[in-house]
Amino acid sequence: MHPVFQSSRRDFTFGPWKLSAARTHIMKSAQAERLADELHMPSLPEMMFGDNVLRIQHDHGFGIEFNATDALKCVNNCQGMIKVACAEEWQESRSETEHSKEVVKPYDWTYTTDYKGTLLGDTATLKVVPTTEHINTEKLKAREQIMFFEEVLLFEDELHDHGVSSLSVKVRVMPSSFFVLLRFFLRVDGVLIRMNDTRLHHEADKTYMLREYTSRESKISSLKFCFLECSTYPVHGT
């Protein structure tokens, strides 16, 4: 049984920008089936929030938003990227079950996505160009009043009890800037952990936003080895 989510919408104005966060109920099964057909996927995540959105829009109409449907369009719908049921790591961490034989899904059933947001408005007005400039993390560490904060869950799936796959987006607004973190998180039990992050930062005195994308992944076995190695060093008090 899925948890009950209350619908809400919050808006905040930052100079010429309007930030809107909408959260509502899980997509109904009939809608989910239709969308799965449109995306050529056998199924969608168990908890699909099709109407949840974080939108950042300028007075002139251009902007960027983050939504689940566009994120799923970036999922590989042709082949499975991870064969969990036949992976050696998974077999060693599980006793003999009905899933212990090889199962190959016809799509990436982990819903891994490299989605970075959906641009809004005239592409001639809002352009994406490469840059060597990076988000100044030291500025983000500075103590500032948080005037607005929201977290919006876009989708989540427990991968048939094999782990968890989720996509969520957070925004916080300070007097000097706003910062967005879109995170895809994947944990496949006994196999791997993966995180795809998109960070967006806009400073009030700038005419542009900086967007950075990173992807990190590690096998569970490597993380266990690292933990065991680190735990062999004694910790002395001062």
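Here the structure is a predicted model, which means the values were calculated and not measured. Just so you know, these numbers use all the heavy atoms, side chains as well, and skip hydrogens, waters and symmetry mates.
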Could you tell me whether [X] and [Y] have a side-chain N and a carboxylate O separated by less than 4.0 Å?
X: E203; Y: K139; answer: yes
X: R172; Y: E150; answer: no
X: R216; Y: D197; answer: yes

Nearest-0.5 Å distance, [atom1] of residue [X] to [atom2] of residue [Y]:
X: S166; Y: F184; atom1: OG; atom2: CZ; value: 7.5 Å
X: S168; Y: L54; atom1: OG; atom2: CG; value: 11.0 Å
X: W109; Y: L159; atom1: CH2; atom2: CG; value: 5.0 Å
X: M27; Y: R34; atom1: CE; atom2: CZ; value: 9.0 Å
X: M47; Y: L167; atom1: CE; atom2: CG; value: 12.5 Å
X: H201; Y: K206; atom1: NE2; atom2: NZ; value: 8.5 Å

Check: In terms of ring plane angle, is the pair H60 and F62 parallel, tilted or perpendicular, where the classes change at 30° and 60°?
Finding: perpendicular
Next item on the list: Take the angle between the ring planes of W17 and F178 and call it parallel below 30°, perpendicular above 60°, tilted in between.
Entry: perpendicular
Taking all heavy atoms of [X] and all of [Y], pick out the closest pair and write down the distance.
X: I64; Y: K116; result: CD1-O, 3.9 Å
X: V164; Y: E156; result: CG2-CG, 4.2 Å
X: R183; Y: R199; result: NH2-NH2, 3.8 Å
X: L210; Y: H134; result: CD1-O, 3.5 Å

Notebook entry, point to check: How about M48 and T69: do any of their side-chain heavy atoms sit closer than 4.5 Å?
Noted result: yes
Item checked: Min side-chain heavy-atom separation T112-L186 under 4.5 Å -> yes
Is a donor on one side and an acceptor on the other found under 3.5 Å between the side chain of [X] and the backbone of [Y]?
X: T24; Y: D51; result: no
X: H202; Y: S177; result: no
X: E46; Y: E158; result: yes
X: N52; Y: L153; result: yes
X: E212; Y: I135; result: yes
X: N196; Y: S215; result: no
X: S20; Y: R55; result: no
X: Y115; Y: L182; result: no
X: R10; Y: F149; result: yes

Next item on the list: Indicate whether the side chain of E138 and that of N136 have a donor and an acceptor atom separated by less than 3.5 Å.
Entry: no
Hydrophobic clustering (ILVMFWY, side-chain heavy atoms < 4.5 Å, transitive) - are [Y] and [X] grouped together?
X: L19; Y: L120; result: no
X: F179; Y: Y208; result: yes
X: F14; Y: F66; result: yes

Quick check on [X]: does its [atom1] atom have over 12 non-hydrogen neighbours (other residues, nucleotides or ligands) under 6.0 Å away?
X: D70; atom1: CG; result: yes
X: E217; atom1: CD; result: yes
X: K127; atom1: NZ; result: no

